[in-house]
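Below is one structure. I have some questions about it.
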Amino acid sequence: MDDEVVATSSELPLPEDFLHFLNQNGLDPSIYVASHSTPRYIRLKPGCEAPLPEIEAEIKCKLNEVGWLPNFYYLPPEVRIASTKAYQEGKIYGIDAASGAAVVALDISQGDHVLDLCAAPGAKLCMILDLLGCSGSVTGVDVARHRLAASRTMLQKYGLGDRCRLFVADGTTFSLIPVGVESNSKSCNGEMEENLEIYKEWTARRPWKERKRMAKAMENIDSMMSKQIQDPELIFYGRHSGVVGLSKHNVFRTFDDVEISQSGYDKVLVDAECTHDGSIKHIQKFEQWGWTTLSRRVLDAERTDALTVLQLKLLTNGFRLLKAGGSLVYSTCSLTVAQNEDIVEQFLSRHVSAELLEIEAAKNWPCRQARIPKTLRFDPLTSSTSGLFVAKFRKLDI
Ligand SMILES: C[S@@+](CC[C@H](N)C(=O)[O-])C[C@H]1O[C@@H](n2cnc3c(N)ncnc32)[C@H](O)[C@@H]1O
């Protein structure tokens, strides 16, 4: 029966087939009890500490510092921040603490060139950019145009777009490395006339034709999601993202694997598409959307199999784009072994140059070791965060 629901101890009625999914994956449905107690988290943009009392007065409650994560605060889940001045002025943004931890695990250093391979809607992208400050660059990639367009809006709102470029592209085949990085590479595409097209500064106002195309794309979200995107499309670039002043030919040139290992990204985040079962807030949305949608979108066996193939491909391609010595963080908000430990094991068995790394910053985090040593799990019941799996790899120079 489609919408047959069973009340769990969480009082969130869960459908039979979701309970079966949880059971099959060894997951305890009581994590959904935490839905009432998991706090809301915000990150205060560095340098914006001043308005704390102002925000507290507006929301009529105290912002509690997250002791293990700099610049993070928590507040009761029912408190809304969207109407606060600090939110509207782009001084705070909502991001779960476990998501923040995945970004901290990247161990961003000044000047790093970072690739965020599944970037939308962009909370982690924003955090990476505000950790980098006035150095390095970030390349955000996502296959869903409408979601990446929302990230672009977010970057502009938070004034974080200066060093960022955004590509609508398939992360399993994306092949562009940071621009402005020295390379001996010859262009793979010798069309001289392309050299005449030089990127000028980005303007928010796009040509009429492009806006019309975007509107049409919004209408066809589902078909856009399933459509295979062949060529990356640059939908935003900041003034210091390395793009301004370059020709299209140079921005879109591709490199072989030897060149990538010299001039690829310093850090890569693969926050892969998943079943989102660790995100209580996401599962709660199906109460309104209808549990049949959950069955279709999350529990369908063909879809979950396809997801694990996608996850391995995203991880493999993200790792390929890393320079030797660079590091990659793989994360999902699923708690299933199939989408996490199994992916890590399959990946390691195929890549001798990949080394699993201890996440140094995690010593004080409220998470636990996952089934594979050095990999971590945030569990909604014990971490008071959304559920998240995190693994970190280094690319060895061999
Ligand atoms: C878990 S969400 C990422 C959340 C994001 N990192 C953040 O912090 O806001 C996964 C994203 O992967 C994207 N995605 C799915 N398939 C993809 C693919 N083949 N290439 C790139 N992105 C993909 C989805 O559109 C979705 O936005």
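We count ligands from 1, going down the list as the structure has it; atoms in each ligand are counted the same way. Residues: numbered from 1 along the sequence shown.
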Per-atom contacts of ligand 1 with L117, taking only distances under 4.0 Å to non-hydrogen atoms: 21 (C), 22 (N)
Contact partition for A119 relative to ligand 1, non-hydrogen atoms under 4.0 Å: backbone
Looking only at distance, does G122 have an N or O less than 3.5 Å from an N or O of ligand 1? yes
A272 and ligand 1 - part of the residue with a heavy-atom distance under 4.0 Å: backbone
Sub-3.5 Å N/O-N/O distance, L314 and ligand 1: no
Whether D257 and R320 form a salt bridge (side-chain N of Lys/Arg under 4.0 Å from carboxylate O of Asp/Glu) is what I want to check. yes
With heavy atoms of L310 as the reference, note each atom of ligand 1 found under 4.0 Å away. 16 (N), 19 (N)
If you count the non-hydrogen atoms of other residues, nucleotides and ligands that lie under 6.0 Å from NZ in K313, is the total more than 12? no
Any idea which of L388, D142, V103 brings a heavy atom closest to atom 24 (C) of ligand 1? D142
Determine whether a donor-acceptor pair (N or O, by modelled atom type, separation under 3.5 Å) exists between the side chain of K392 and the backbone of A105. yes
Does any N/O atom on T172 come nearer than 3.5 Å to any N/O atom on ligand 1? no
From atom 4 (C) of ligand 1, work out which of A144, A120, G171, S279 has a heavy atom at the shortest distance. A120
All ring pair (Phe, Tyr, Trp, His ring centres under 6.0 Å) counterparts of Y74, not counting sequence neighbours: none
Step through it carefully: locate the ring centre of F174, locate the ring centre of F167, and say whether they are under 6.0 Å apart. yes
Under 3.5 Å between any N/O of A123 and any N/O of ligand 1: does that happen in this structure? yes
Distance from H249 atom NE2 to I198 atom CD1, nearest 0.5 Å? 10.5 Å
May I ask you to decide if the ring planes of F393 and F319 are parallel, tilted or perpendicular, using 30° and 60° as cut-offs? perpendicular
Excluding sequence neighbours, so at least two apart, what forms side-chain hydrogen bond (donor to acceptor under 3.5 Å, both in side chains) with E355? R394
Ligand 1 to D170, heavy atom cutoff 4.0 Å, flagged ligand atoms 18 (C), 19 (N), 20 (N)
Within the structure, does D271 bring an N/O atom to less than 3.5 angstrom of an N/O atom in ligand 1? yes
Is any NZ, NE, NH1 or NH2 atom of the basic residue among R239 and E201 found under 4.0 Å from an Asp or Glu carboxylate oxygen of the other? yes
For ligand 1, find out whether one of its N or O atoms is nearer than 3.5 Å to an N or O atom of R147. yes
Please confirm whether S151 comes under 4.0 Å of ligand 1, counting heavy atoms of the residue only. no
Between L125 and ligand 1, which residue portion shows a heavy-atom distance shorter than 4.0 Å: side chain, backbone, both, or neither? neither
Test of ring centre spacing under 6.0 Å for Y87 and Y93: no
Tell me whether V141 reaches ligand 1 (any heavy atom closer than 4.0 angstrom to a ligand atom). no
